Every structure is written in C-alpha cells, then in structure tokens.
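This report concerns only the one structure given below.
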Amino acid sequence: MPRELPIGLTPPDWLVRNLRPQQAPVNRPAVARAALAMALPLLIGLALGRPEYGALASMGALSGVIGDTADAYRIRILNIAIPQAFGAVGITLGAAVYGHGWLAVTAVTAVALVSGMISTIGAVASVSGLLLLLNSVVGAGLPMPGDWWLAPVLMTGGGLLVLLLALLAWPLRSGVPERAAVAGTYRTVATLLDASAGTTPGAYEDARHAVTQSLNQSYDLVLAHRARHHGRSPELTRLLAQLNAITPVVEAAPAAHLAGRPLPPEVPAAVRHLAQAVETGFTGPVGLRLPTPTEETGRAVDHALRHTAEVVAAPDVDPLGLVDRLGRPAALRVRAARAAHDVLLSAASWRYGLRLALCIGLAQVLVSIITVPRSYWVALTITFVLKPDFGSVFSRALLRAVGTVAGLVVAAAVLSQVPRGWWDVPVMLLLAPLIPALTPRGYGYQTAAITPVILLLSDILNHQGTALLLPRLVDSLIGCVIALVTGYLLWPESWHTRVGDRLADAVADTARYAESAFGSHVDPPARARMRRRLYRDLSVIRTEFQRALTEPPPTGTRAAAWWPLVVAVERIVDATTAARVRVKHGAEPPSEAEIAHVARQLRELSEGLRDTDVLYPVRTDLTGPADSVLEPLRQEVAAARTIASPHQP
C-alpha cells in the first residue's frame, strides 16, 4: 500500500503555483519565424567568414523573437521596432564605456534608472526599457567587434529581420487579426450571458473577467493607430463602432445576473451569430430571432442586442456616430505629454527606477571589486528578474534559477558535442523555435529555452566552450540573490503600494461611478468610458493579486486574505451597472440621499484601505428602501465593508 508523504514534505501552495506550467497554444508561425530569423544571420556570417557578426545579428533577432507576440500587424511594428531603437541606443552607450571602470558602473546605473522609469508607461515602453538596459549591460561587459556603429546596426538588423518576416502576410491578411479579436470579444460576451444565471460557483465572475480582458485587448488592438488612421481607415472605424456597440450588452449582463433568471438560449446564440458576421465582414440583415421580453431585465438585454445588430449589419462604417463619441483617443502629442508627466512626477515611476538602479549599481560595484568571469551576466539576470510588471519578483527569481539550471544541461550537451562552425546553423534551427513555443508556459520555461541559445552565441564570440557553463550558473544565482534581497526583501511595502493603493483607487473610482450612473449631468459616452476604465483597472488588480499569490508568506498570505475584497468590489460595480440599466428601462430611480449614502460608504472604505496592510472585519449598517433599485448595491457595499474595513477602536 503506497505511503503518503509526511505533511512537512508537501510542497507549499505558492511553490506549486510557480512551477505549474501554464496552458497555452503554440504559435506555429512565430516558431517558424524564430528558427529562420536566428539561423539565417549565422549562415550569412559563416558564408562571409565573420561568424561573430552573425552572432551579433542573431542576438538582435532574439530580442525580436521575444517581442513577437502580437496578432495584429500594426501592433507587431510597435512591439518589435520601437524596442529595437532603444536597444540600439543601449548597445551604443554600453560599448562607449566598456573598460572604463567606475565610469561604466555610473553609466549603467543611470541607464537602469531611466529604464525603470520609462517601463511604467505601458507594455511597449516596458519592453523598450528592458532592451535599453540589457544592451547597455552587454555593451559595457563584452567587447564588440568592428567599429562603434557596427554592433548597433547588426543587432537592430537582426530584430528588424524578425519584423520583416512577421509582416510578410500583411497584404494578404490585412484586418483579419483585428476582426478576429472583435469577434472573439462578442463570443466572450455570449459566454457571459450564458453564465448570467448559472448555478456554477464563480462561473459568472470568470466569464465577466474574460470579457474585460477581451475588451481591453480588442480596444488596444484597434486603437493602436487610431489617431493616425482616423478618417482614412473604414475598416478600423467599423471595428471600433462594433466594439462600442457591444458595450450596452455587457452592461445589461449584470442586471440579468442579479435577476437570477436564465436568459432564453436565443439571446447568447444571437450574439454568437453577430460574432460570425463581424469575423467575416458581412453587412446586411442578420436575421435575429429573439423572444419578446416581459420584464425590465429582458427589455434591457433585448434593446442592447438589437442596437448591436443594427451597427453590425449597417453598410455605413459608423452609422450612429459612435466612434467619435466613444473610441477616438487623444492626439499623439497629448498622449506623449501625459506619459512624460507620469514618468517624471509619478512616485511609482521613481520608486521602481530607484529599485532597479540600486540593484544594477550594486551588481556593477560587486563585479568591479571581485573578479567574476563574464560579470555582465549578473546585471542581465537582475534586469530580467526585477520586472514587477512581468510578474512577481520572487517568482521570477525562483524560476530564473530553475530555468537556468535546466538550460545549462542542454547547453552543456551542445557546447561539448557540437563543433563551432557550420553545425551552429542546424543547432540554432532546433533551439530557436523552443523560445516562442515555451515562453507562454511560464518564465522558467522561457529561461530554459533562452539559456542554451545565449550561451551558443556567446561561445561564437568568445570561443570558451564549456568553460562558460559554471560562470553562467554562478552569475545567475548572484543576480537572483541581489534582486531578491535589494529589490524585494528591502521593500516590504511594495506589495501594498502595488496592490492596496490600486484597489483603494478603484474603490474611490467606484464611488464616482455610482454617483454618475444615475445623474443627468454625465453624458452616456462619458459614463461608458468611466465604466470601461474601471473594469480595466479591476482586471489589472486581479492580475496583480494572482501574482502576489505566488509569493511566499507573508505576502502570499496577505493576498489570499484580500482576495475576497477584489471580488466584492467587482460585484459592487456590477450592482451599480445593473441598477442603472433597470432605471433606464422603467424602474424607479433612487433618491439623491440614497446615492450619497452609498458613495460616502465607498469613500470611507477607500480611505481605510490606504491606511492598513491587514484587514479587520467590522460591523456596518447601510439602510434604505427595501424596494429600491439600490438595495442589491447596498448589500454588496455592506459585504465589502464587512470584509475589508480597517480596524477602528
């Protein structure tokens, strides 16, 4: 009879969460692009008798492969080309201070500060900051062949080769990824309507979260070049109008959920029918067959769905003029000024920049005092690990160490058994595709795939063979320790500032949303934008909490204690939206006193969240007319206060 493991040998939950591979499909075109983009420069370099040049171009292609994650072609340009420009600046700056001792330490530390600050702007800026610092570290720690301009040109050329391969099908598939994304959003809305009155615990919340993520991705995709294409791209305008048109259906879903009665199956089926029309670009009668509604919730869903069908079926790209009212972003100069303001004046920007600069500076000082072979790997490890926007710092340090060990096993076989030269090309053809194939599985898997590739390219430049292996392991472990101690343990409040303050902001925004939901002074487009922004913020907070759950106690324990509050705030927003929908379709509107009472309770909750790291349950009392549309909202606010209000003497 098998014996069970003693309790002390059972791995903790946070460790299991870190090591569990994520489920994700393999992007076969990206796999093919990685193989070609990284092997072709090596082949050309060998043919020209300069394999080191081919290795540099392959290093640039590696950064392009890592950024080759978007489906839409316009987003691919942003994700690959902009970081390549920052990478070229980084390798130039690093090479300029190579061998200059403390000047190199100061320069790389300053670059780390800038890199950390610009990383807080957004996803593309984060990757750009990462590549700026990575290439600065490589340039300052490794002698570059040829003139000063050759390394940035070769590395940028390798990255742009990935971009060229990624854009080859654009003339044939223009607009297809965007249409597929919008159609996918429609299908997630259909799933939400299916789950609106389901009995499976958490099914509605999971479906609503999936809708939020899909809406965010679709808007980001379609609006990527909205300002430049406005008035000149009917396809983008149509897709944006279709995205805006599904918003009323999303808003009606909470009302259906709170009503507790399942919607007729014809309703989600109709949404899937519209999704098919969006994906194929069909215009014309869509032939909806909807039952006649008999109550407020049914009328709300029916009205929203018929409105959506009207927009999808119309041949006019924007029949109701919704794009200008709901979807047009600010001008480029306005967005640039806003980003610069956020970087220079944001406490979070300076906090992260200083954390990264402190860790990089410490690493550079350490390797300047102590002789460490290939010392730039220490700073490279810190750069990859200390990226809170990419995941938990603790988790990334752990997975970096595990992935490095696994990658070194593969690298040992390659460096010991495969002679340098033409055999490098078929080896790269086998190793490079593993990077896009394993990256979606998790950071540890990505590290295991990248490590042998980096070591192979480093050996082409330095010809050290298996002598690279042990220093690589030691440097990675040193970098992980520095990141954990200096960038993680010394900042115990980072969890609260990263999550607690954001949640407090979301609760305060919810109070403003509750006030605007029933007032005539707020126009519907502004209210829709407010709701969409609020759900986007809650989606980010949910992601941050899930990352925090992968950290060991006390951070993981605190995150688990706060998790019910995240769900409670999402339910408050749902209840507010449901009440507004009911009022719009015939219910008695609430009094101003009721609205003010709920908003005051939410603001008190927001202020309390900023003042505590530990939650203490308290009693709370929200009263009002039992038949008011705000009664479900009051119940949700009371539940949130009971869960999360700070201790009061």
Side-chain angles (χ1 to χ4, degrees), residues 27 29-45 51-70 76 79-88 90-91 94 126-139 141-142 144 151-166 374 376-377 379-381 383-384 387 390 400 403-404 407 410-411 414 424-425 427-440 443 445-462 468 472 476:
N27 187 337
V31 167
R33 288 193 293 269
L36 183 58
M38 295 196 65
L40 183 60
L42 289 182
L43 180 63
I44 296 175
E52 67 276 13
Y53 291 173
L56 281 176
S58 290
M59 283 186 176
L62 174 61
S63 62
V65 167
I66 295 174
D68 184 17
T69 57
R76 291 179 187 179
N79 285 359
I80 299 176
I82 294 178
Q84 289 302 316
F86 279 84
I91 196 68
S126 180
V127 177
S128 299
L130 174 69
L131 203 55
L132 170 68
L133 181 55
L134 283 177
N135 285 5
S136 296
V137 170
V138 171
L142 188 66
M144 294 290 111
V153 167
L154 288 173
M155 296 185 74
T156 303
L160 294 181
L161 174 60
V162 178
L163 179 60
L164 175 63
L165 296 174
R374 299 289 169 261
Y376 61 91
W377 279 335
L380 286 180
T381 298
T383 304
F384 275 114
K387 292 289 290 180
F390 285 178
R400 177 80 179 184
T404 297
V410 178
V414 171
D424 293 334
V425 177
V427 169
M428 187 62 71
L429 282 171
L430 294 175
L431 293 179
L434 296 178
I435 299 173
L438 294 181
T439 293
Y443 180 61
Y445 293 89
Q446 182 193 55
T447 302
I450 290 178
T451 296
V453 172
I454 288 289
L455 288 175
L456 174 59
L457 296 176
S458 298
D459 189 42
I460 295 174
L461 292 171
N462 297 286
L468 288 167
R472 172 70 164 133
S476 294

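It should be emphasised that the depicted structure is a prediction, and the values quoted were computed from it without experimental measurement.
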| request: Taking all heavy atoms of N135 and all of G87, pick out the closest pair and write down the distance. | output: ND2-O, 3.0 Å

| task | Kindly determine whether L380 and I454 satisfy side-chain contact (heavy atoms from CB on, under 4.5 Å), including the steps that lead there. | result | CA-CA 12 Å; L380 286 180; I454 288 289; over 6 Å; no

| If you look at every heavy atom in A166 and R76, which pair is closest and at what distance? | O-NH1, 2.5 Å

| CG of D424 to CG of D459: how many Å apart, nearest 0.5 Å? | 8.0 Å

| task | Enter the distance from M38:CE to M428:CE here, rounded to the nearest 0.5 Å. | result | 4.5 Å

| said: Side chains of Q446 and L438, heavy atoms from C-beta outward: is any pair under 4.5 Å? | reply: no

| query | Would F384 and L134 satisfy side-chain contact (heavy atoms from CB on, under 4.5 Å), going step by step from the backbone distance to the final call? | reply | CA-CA 8 Å; F384 275 114; L134 283 177; 3.6 Å; yes

| Of V31, D68, I66, which meets side-chain contact (heavy atoms from CB on, under 4.5 Å) against P436? | V31

| query | Would you say the side-chain atoms of T451 pair up with the backbone N or O of G407, donor to acceptor, closer than 3.5 Å? | reply | no

| query | Which pair of non-hydrogen atoms, one from N79 and one from G67, has the smallest distance, and what is that distance? | reply | CB-O, 3.5 Å

| task | Report yes if the side chains of L457 and S58 come closer than 4.5 Å at any heavy-atom pair, otherwise no. | result | yes

| query | How long is the span from the OG1 atom in T439 to the CD1 atom in I435, to the nearest 0.5 Å? | reply | 7.0 Å

| How long is the span from the CZ atom in F86 to the CG atom in L131, to the nearest 0.5 Å? | 10.0 Å

| request: Specify the closest pair of heavy atoms between A379 and V137, including all atoms of both residues, with the distance to one decimal. | output: CB-CG1, 3.6 Å

| field | Nearest-0.5 Å distance, CG of residue L165 to CG of residue L160 | value | 11.0 Å

| said: Before you tell me yes or no, could you show the steps for L62 and V162 under side-chain contact (heavy atoms from CB on, under 4.5 Å), namely the whole-Å CA-CA distance, both residues' side-chain angles and the distance that decides it to 0.1 Å? | reply: CA-CA 9 Å; L62 174 61; V162 178; over 6 Å; no

| Taking all atoms of both residues into account, what is the closest heavy-atom pair of I80 and G159, and its distance? | CG2-O, 3.6 Å

| request: Examine distances only and state if a side-chain atom of R400 and a backbone atom of T447 form a donor-acceptor pair shorter than 3.5 Å. | output: no

| request: To the nearest 0.5 angstrom, please state how far the CE atom of M59 sits from the CD1 atom of I91. | output: 8.5 Å

| said: Determine whether L40 and L161 satisfy the following criterion, side-chain contact (heavy atoms from CB on, under 4.5 Å), listing intermediate values before the conclusion. | reply: CA-CA 10 Å; L40 183 60; L161 174 60; 4.3 Å; yes

| request: Examine distances only and state if a side-chain atom of T156 and a backbone atom of V153 form a donor-acceptor pair shorter than 3.5 Å. | output: no

| Minimum side-chain heavy-atom gap S458-L456 below 4.5 Å | no

| request: Considering non-hydrogen atoms only, spot the tightest contact between S476 and T404 and give its length. | output: OG-CG2, 3.8 Å

